[in-house]
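Notes follow once the structure below has been shown.
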Amino acid sequence: MNRRSLISSILCFFLLFISCGQVYALPDLGGNRLIYDAKLTANHVSLSGVTAARSLYITLEDYWNVSDLTLHLDYQATQLARGEDSSVTLAMNGTRFYSFRPVIDDQKKQTLTVSVPKDLLVKGSNTLSLEGYITTNRPDQICVPPEKRDSWLVLYNSSFSTTTFTKNEVITSIKAFNQQFVGLDTLSEKKSAIGVPSDSDSSELAAAVHALSGFAKSSRSEEAAVPMLPFLDPKLDERESVVIVALYDHLPDKWKSALGSVSVNSKALIKVVNTTSQSALIVTSEDPILLEKAGRLLANQTLVQQLDAAEKWVEANTDVDTPDVTVRRDVTLTETGDKLTGMMHQEKSYFVSLPSNRFIADASKINLDFRYSDNLDFDRSLVTIFINDTPIGSKKLTKELSNQDQLSLTIPKNLEISGNFSVTVAFDLELKSAGCIEISDQMPWAFITKETMLQLNTKDRTDLLFNNYPNPFLRDASFNKLAVLLPEKMDSYDYLTIGNLFHLLGKYAEANTGEVIFYHANQVPEDKKLEPYNIITIGSYMDNPWIKKHNKELFFRYSEEGSRIVSNEKMSIDEEYGKRIGTLQLLESPYAPGYGWLAVTGASSKYSYLASNLLATEAAKWKVFGDGVVTDVDGNIQAFRFKKQSEQEAAGILDQIAERSDVLGFVVVLGLILIMVLLSLILLIRKYRKRAGEQR
């Protein structure tokens, strides 16, 4: 068997064991080659109509040395398709590289394997476009309407990509460690973790969650979280890539030895070390304040991407803070303009970043500036704007305005958009007698100019619902005064719960300047000191006295002896079932209005951890809503709303004016003019009174 046949056989063998996000190694045939398999789409993708296009995205990590990318497409075309006339074309990052005629079968889906030319790939996000031309016309029907509902092709969610790559085995810089620690292959294989002392103090936990927030932001995965484990957990030693966060006195001996002779009494040290079985990033200091500062540095991904050395010293005067996050009122969607080419439905989407605690308020607008070809069927051509896939308005295209057209729309208030969102501009570019002409001779186009802009007015989210999570625990993309109340004695499940919660919070947190403080049960301060904090409680009635004290305020309360969760007005709970469920409950802080309390609790730490999994990743978060959620080991999730829905008060005239900077400016100018007019009248009156007195 020759070399090529051997490789083909091995590939075919491994393809039998494909799953989403799976990584495995090929036999060493000239280099330590790895393979990463990833689903192309979570849902079926449908190309509907004679011509249609869809875009999918493939991520390649910066540290991968990619040798091959192969697509495995599972599809089915309409049974009426004319195979000799229909076709599908694949393009990578805008360059077409493969076309095929879909195989037609009444029952079976088809599989196609295609290799993507290596020179079309880029590091980071790659756009795979599918352009379909599916026709069902019979030869004797020369001129028919081109848009037919029986013209379709479906790409199944079983489709996946296979990336073959190598990577450097020895990590020599903080930047490289950061990339690989949260790489797609590392997370899917559960090779990374953050380690902290088994009896961590507040500064160690605060430093760890700040560092975790930085790793979460740099992660491209929406389905996997970085776990936090105590040093005594044997699973920590099984991870190939670990971050060790501890005061120097609490470091295990093996990591002290790896650091060598260092003095960290007035500095903090961040250093990459490699052992025979692990790569580690050690974060340590004898000073709790500097340790937390080192954690904040790792939360500043802009700085981390500049650290090409193996170690970084952090001193009291080291600037690690991220710039303040500002919410821009005027948002440009495209810097240079975007061209769309092709007949029928063509669309372009834009991602708009907004802090998770802000939502779009009244009088927000989108102003679309565009032009298009003049060979369209203007009786049927139009443009439509979508916000998060919801249409907000359309306009018919006209020949007279083809060289310079505009569409201005107010964003409807009832969309209740908060946090990041997408804007899609969709053109339906119809041609006259498109079924009778050679389309390529008169290919229509549209162009979105750089003058296209969003005018955003935003407000703070105030309602305590998981629909709006992570509000109120973030404010303007920064941790919003968080007090985390922990059990006195913590096990691995408790640390995993902390890791889950701060992985998702960190993914949303763009700034590293927010305050987080941890209290064990025997350290919780008097109530007054907790008033200005949003509270997160972890643990059960038995191991967290604070939860026991406030049991009556919970939606899902514990029994008198505290061994189980009992029934309430929303859900009947069996006695045994109440001992093996976890809950998430979002309430108002018992100390001050306007502050929130998140209770992550269950009859034991295992079930608190089970509940925290629902707030660990973006993919899991969409399963929860309302303000009370119950989950069990079988994966059953039940969400309820306990707080009554208050009627939204109409904003007063002064509030509306305050929201609108343009109106506010007009009111100020008008007020100044009125003041000047009044002053002029007063001076004139005084002048004429004086003259009248002199005449007497």
* Asked: Could you walk me through whether T318 and L290 pass the side-chain contact (heavy atoms from CB on, under 4.5 Å) check?
  -> CA-CA 10 Å; T318 304; L290 290 177; over 6 Å; no
Measure the spacing between [atom1] of [X] and [atom2] of [Y] and express it to the nearest 0.5 Å.
X    : Y    : atom1 : atom2 : value
S279 : N274 : OG    : CG    : 4.0 Å
L614 : L584 : CG    : CG    : 5.5 Å
T163 : L60  : OG1   : CG    : 5.5 Å
L128 : S159 : CG    : OG    : 10.0 Å
Y519 : Y533 : OH    : OH    : 5.5 Å
Y495 : L232 : OH    : CG    : 9.0 Å

Between [X] and [Y], which heavy-atom pair has the shortest distance, and what is it?
X    : Y    : result
S540 : D543 : N-OD1, 2.7 Å
L501 : S612 : CD2-CB, 4.3 Å
K175 : D308 : CD-OD1, 3.3 Å
T284 : L291 : CA-CD1, 3.7 Å
A208 : V196 : CB-CG1, 3.7 Å
G596 : N534 : N-OD1, 2.7 Å

Side-chain ([X]) to main-chain ([Y]) donor-acceptor, under 3.5 angstrom:
X    : Y    : result
N480 : P472 : yes
T186 : Q180 : yes
N471 : L474 : no
D249 : E286 : no
K293 : A316 : yes
H72  : S161 : no
S478 : G514 : yes
N65  : F165 : no
E292 : P288 : no
K507 : T617 : no

What do you reckon, is [atom1] of [X] surrounded by more than 12 foreign heavy atoms closer than 6.0 Å?
X    : atom1 : answer
K606 : NZ    : no
D199 : CG    : no
Y493 : OH    : no

* Please walk me through it: do R220 and E61 pass salt bridge (Lys or Arg N to Asp or Glu O under 4.0 Å)? -> CA-CA 9 Å; R220 292 186 168 107; E61 293 288 359; 2.8 Å; yes
* Asked: When you look at D632 and R580, which way does the side-chain contact (heavy atoms from CB on, under 4.5 Å) test go after all the steps?
  -> CA-CA 7 Å; D632 60 28; R580 47 189 172 87; 5.9 Å; no
Do [X] and [Y] have side chains that approach each other closer than 4.5 Å (heavy atoms only, starting at C-beta)?
X    : Y    : result
N178 : Q301 : yes
I35  : T164 : yes
Q305 : Q179 : yes
Q585 : T601 : yes
V630 : I581 : yes
T275 : K254 : no
L281 : F181 : no
F215 : V243 : yes

* To do: Specify whether W64 and Y36 have parallel, tilted or perpendicular ring planes, treating 30° as the upper limit for parallel and 60° as the lower limit for perpendicular.
  => tilted
* Asked: Hey, what's the ring geometry for F502 with F479, parallel, tilted or perpendicular (30° and 60° as the breaks)?
  -> perpendicular
* **Worked check of side-chain hydrogen bond (donor to acceptor under 3.5 Å, both in side chains) between N43 and T41** => CA-CA 5 Å; N43 304 305; T41 174; 5.6 Å; no
* Would L482 and V209 satisfy side-chain contact (heavy atoms from CB on, under 4.5 Å), going step by step from the backbone distance to the final call? -> CA-CA 12 Å; L482 301 183; V209 298; over 6 Å; no
* To do: Any chance you could lay out the side-chain hydrogen bond (donor to acceptor under 3.5 Å, both in side chains) test for D491 and Y609, step after step, and finish with the verdict?
  => CA-CA 11 Å; D491 59 18; Y609 164 67; over 6 Å; no
* Asked: Cation-pi between K621 and F466: NZ/CZ under 6.0 Å from ring centre and within 45° of the ring axis?
  -> no
* Check the pair S213, N512 against side-chain hydrogen bond (donor to acceptor under 3.5 Å, both in side chains), reporting the backbone distance first and the verdict last. => CA-CA 8 Å; S213 73; N512 68 350; over 6 Å; no
* To do: For side-chain hydrogen bond (donor to acceptor under 3.5 Å, both in side chains), just list the numbers for S203 and D201, CA-CA rounded to whole Å, side-chain angles, deciding distance to a tenth of an Å, and then say yes or no.
  => CA-CA 6 Å; S203 65; D201 72 8; 2.9 Å; yes
* Residues R33 and D68 bridged, charged N to O under 4.0 Å ->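 No salt bridge links R33 with D68.
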* Considering only NZ, NE, NH1 and NH2 on the basic side and carboxylate oxygens on the acidic side, decide whether E238 and K190 come within less than 4.0 Å. =>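 Judged by the 4.0 Å cut-off on N to carboxylate O distance, E238 and K190 do not form a salt bridge.
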* **Residues R239, D233; criterion salt bridge (Lys or Arg N to Asp or Glu O under 4.0 Å); working and verdict** => CA-CA 11 Å; R239 305 285 170 146; D233 193 317; over 6 Å; no
* **Worked check of side-chain contact (heavy atoms from CB on, under 4.5 Å) between I498 and L486** => CA-CA 9 Å; I498 295 172; L486 303 170; 3.8 Å; yes
